Amino acid sequence: MSDIPEQPSDFIRDIIQADLAAGKHQTPVTRFPPEPNGYLHIGHAKSICLNFGIAREFGGVCNLRMDDTNPTKEEVEYVDSIIADVRWLIDGWADDRIGLENGQPFYASGYFDQLYEFAVQLIKKGKAYVCDHTPEEVDFMRGAPDRAGEPSKYRDRPIAESLDLFARMKAGEFPDGARTVRAKIDMSSPNIWLRDPLIYRIRHASHHQTGAKWCIYPLYDFAHCLSDYIEGITHSICTLEFEVHRPLYDWILENLDLPRPLPHQYEFAKLIPTYTIVSKRKLITLVNDQIVTGWDDPRLPTISGLRRRGIPASAVRQFAYNIGVTKYNSVTDIAVFEHCIREDLNRRALRRLAVLRPLKIVIENYPESQVEMLEAVNNPEDASAGTRQVPFSRVIYIEQDDFREVPPPKYYRLSPGTEVRLRYAYLITCTGIVKDPHTGAVTEVHATYDPATRGGNTPDGRKVKATLHWVSAAHAVDAEVRLYDKLFTVPEPDATGDFRANINPHSLETVTGKCEPSLADATPEARYQFERLGYFALDTDSRPGKLVFNRTISLKDTWAKMIDEMAKRGYLSEKAKYLAGALIEILKHGSGGKHPSQCWLYQKNGKKWAHAYDQQIAEGGVGGEPIPPTSLDGEKLFRPKKNETIQYIMSFGLSQQEAEAIFTANI
RNA sequence: UCCCCGGUAGUGUAAUGGUAACACAACGGCCUUUGGAGCCGUACUUCAUGGUUCGAGUCCAUGCCGGGGAGCCA
């Protein structure tokens, strides 16, 4: 179900390939080392796909390891969720490459004895010492990027004394923070992490794996490289922020005189998708503030959220492949992910008919008691999925959106007097409407069907523009359907200010839909396409007789892409709404009321596009006389191309989508 | 301010000194019993300046811009 090539290529795989060719290793051993202090998210998925993908492609192994050196922040709940998420993501793909210990993950805490001995060794070699400074003193004495550090008073204390103190630290003689073990490296290094970094601290805390055994715990830099070494990791792949730690990673391993080969660390840029957040802290805020229902809320980018939403693991993997692996700090358009999901689901989803916002249709010339079973294909992309029977009768439901009493231009669907096709059924023509006498809303539509068009065929060859989905009212099965939308209204919710201000109030809408009867037997594993609506999967809340579906993702909908639709759904940011009016006016004004591409722009600082009437836009309106185009900083004015105008609009902080909408709206 | 790492269409990613390309997004068309899918097409690219070279996105220098780095977090 996946198009990922057997041998993807990126700078890390290139290195591995070269290392293998040079005979440095027989096969690569990677690892995925999360700290169990939160749920895994789409960013971790990128790392999982990278590490397990490498193991898979080069015949190696990827160890799953809990990086659990900080007992005060970690919990078994997280350990369990991490295991489940990793298994789900690699199932059927790299599940034979996972490195485990007796079926369980590796734990950094499993190495605490060895780590302790390594620290003793370092002290014995005069390369580490016990330091008695307070946290505040250590902090100050470390210096700053532009201020040299000063050595600890205890830097040169006798080795025997450090050894004794370290043993007593372990024995629990000292309170938290009283002493630390520090590597003796270089207090004047421009790299702060080499200024005698701490490698052990006292923490009288119970650990989720080791219980009360320890009251001293190693720090990340010490534990990680050595855990890699102990497990025989060849390529230790982490994210960019650890780049400055690499000299320390190497220093520890090299100064312990370990047999070679040593593991090496490589760094790549983490994934930052638009319209969501992946910061652990902010994810916790969303959960704790009950903005979402839990860690597996289908609106969240957590792996458990994606799973619950119905996104296939293969789509996540394809996404990880598509975005590549580099050292460039990038922001990935969430549309790339959505494309992968649709592509995957399009191939596998069973087509079904379901109406989310029902409008009753009475087919006047269809016999009252008659029911016909009509054949419908399960998946036009996959003939082996077969067909099914769908009941048709006199009263059916169609989507409210599929009927307009007064149709807008280019509206092909049902309206008084028009004919449309009911998918797999008949062509019907609207003959009348019934309105609520008080509200004036259309409550019922009357129609006639053409018996010659059974199955939706037109023996006379006549064309009908629209094909609508429908459900027989008497046979319909009710379902709760949860319609999800982006959790945030702006591409980069936490770029500036409080990300909570950018939460999309319409991220969840729940409706009661009418489903074709076969959906009563829907299974949690199956993926469904409700035709013309989107892809849906059963939610974990679903029970027999009480169906609950999640909309995984909508179908691409060109009709819905109009600017008013965008505004209605909250896709247009407040900023865009505010600026749209002024921009449209000013662009028209600058072009003598014509097309915006006829306005004048000039180049500012040789780089940025600027509009001849910037000043007036900044002042929020179009009042007054335009500045004569000749008086602008002596810069040459020119007629921008469409794309340059789009870029110009975007320079106000709007997305391309918004800019296009504004541009289009002005035509 | 110091150290490290980056900078290729709107967004990502390729091109490993030899014709700048692919995907997504956008736009247009064809086709369609899903306004889906599919097919065809259009527009838009190497941060800047110098240097090396027959030839530079690639190598060098300088500058500019962006990210990371001063937890007893990972």
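Small disclaimer: the values here were computed from a predicted structure and weren't measured. Hydrogens, waters and symmetry mates are skipped; everything else that's a heavy atom, side chains included, is used. Naming: A, B, ... by sequence-line order, numbering from 1 per chain.
When the nucleotides B:G69, B:C5, B:C72 are ranked by their closest atom to the side chain of A:Val244, B:G69 comes out on top. Taking only side-chain atoms of A:Tyr412, from C-beta outward, the nucleotide of B:G35, B:A25, B:C72 with the closest atom is B:G35. Comparing B:G36, B:G67, B:C73 by their nearest atom to the side chain of A:Asn329 picks out B:G67. Distances from the side chain of A:Lys327 to the nucleotides B:C5, B:G36, B:A74 place B:C5 closest. Taking only side-chain atoms of A:Arg351, from C-beta outward, the nucleotide of B:U34, B:A70, B:C73 with the closest atom is B:U34. Between B:C73, B:G6, B:U1, one nucleotide has an atom nearer to the side chain of A:Tyr328 than all others, and that is B:G6. Minimum atom distance to the side chain of A:Arg532 is reached by B:G35, of the listed B:G35, B:U1, B:A74. Among the nucleotides B:U34, B:C73, B:G10, the one closest to any side-chain atom of A:Glu531 is B:U34.
In this structure, B:C30 and B:G38 make a Watson-Crick or G-U wobble pair, each of the two defining distances being under 3.5 angstrom. Base pairing annotation: B:U46 forms no Watson-Crick or G-U wobble pair, as no partner gives both donor-acceptor distances under 3.5 Å. With a 3.5 Å ceiling on both atom-pair distances, B:A70 lacks any Watson-Crick or G-U wobble partner. Pair assignment for B:C24: B:G10, on the basis of Watson-Crick or G-U wobble contacts that are both within less than 3.5 Å. Under the Watson-Crick or G-U wobble criterion, with both distances below 3.5 Å, B:U53 has no partner in any strand shown.
Under a cutoff of 6.0 Å and an axis angle of 45°, A:Arg454 and A:Phe392 do not form a cation-pi pair.
One atom, NE2 of A:His133, and another, P of B:C72, lie 14 Å apart when rounded to the nearest Å. Spacing between atom CZ of A:Phe140 and atom P of B:A70 amounts to 17 Å, rounded to whole angstrom units. The CD1 atom of A:Ile334 sits 21 Å away from the P atom of B:G10 (whole-angstrom rounding). Note: CD (A:Glu343) to P (B:C39) measures 10 Å, nearest angstrom. Taking atom CZ of A:Arg147 as the reference point, atom P of B:G69 lies 18 Å away to the nearest angstrom. Regarding A:Ile82, its CD1 atom lies at a distance of 14 Å from the P atom of B:A74, rounded to whole Å. The nearest whole Å value for the distance from the CG atom in A:Asp10 to the C1' atom in B:G12 is 14 Å. Going from atom CZ of A:Arg348 over to atom P of B:G36 covers 22 Å, rounded to whole Å.
Of the C1' atoms belonging to B:U1 and B:A56, the separation is 34 Å, rounded to the nearest Å. Taking the P atom of each, B:G7 and B:A61 are spaced 16 Å apart, rounded to whole Å. Going from the C1' atom of B:U42 to that of B:C65 covers 32 Å, rounded to whole Å.
Among the protein residues, A:Arg421 comes within range of the nucleic acid bases, having at least one heavy atom under 4.0 Å from a base atom. Across all strands shown, A:Glu338 has no heavy atoms under 4.0 Å from either base or sugar-phosphate atoms. As judged by a 4.0 angstrom heavy-atom cut-off over every strand, A:Val336 is placed among residues touching the sugar-phosphate backbone only. Note on A:Tyr217: nothing from the nucleic acid sits closer than 4.0 angstrom, heavy atoms only. The residue A:Thr274 sits apart from the nucleic acid: no heavy atom pair falls under 4.0 Å. When heavy atoms are screened at a 4.0 angstrom cut-off, A:Asn70 is found touching the sugar-phosphate backbone but no base atom. If you check every strand for non-hydrogen atoms under 4.0 Å, A:Glu243 touches sugar and phosphate atoms only.
For A:Arg342 and B:G36, a side-chain-to-base donor-acceptor distance below 3.5 Å is absent, hydrogens and geometry of angles not being considered. For B:G36, the base has a donor-acceptor partner in the side chain of A:Glu381 [N/O atoms by modelled type, under 3.5 angstrom].
Under the side chain to side chain contact (heavy atoms under 4.5 Å, CB included) test applied with A:Tyr535, the options A:Leu345, A:Asp344, A:Ile311 reduce to a single match, A:Leu345. Evaluated for a side chain to side chain contact (heavy atoms under 4.5 Å, CB included) with A:Ile202, the options A:Arg179, A:Lys170, A:Glu173 yield exactly one hit, A:Arg179.
The distance from the OH atom of A:Tyr266 to the CD1 atom of A:Ile15 is 5.5 Å, given to the nearest 0.5 Å.
For the OP1/OP2 pair of B:U34 and a distance below 4.0 Å, the side-chain nitrogens and oxygens of A:His469 include no atom meeting the criterion.
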Mind running ring-ring contact (aromatic ring centres under 6.0 Å, His included) on A:Tyr220 and A:His224 for me, showing each step along the way?
CA-CA 6 Å; A:Tyr220 165 82; A:His224 203 91; 4.9 Å; yes
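Glycosidic conformation of B:G71: syn, with the torsion inside 90° of 0.
At least one side-chain heavy atom of A:Lys327 sits less than 4.5 Å from a side-chain heavy atom of A:Glu243.
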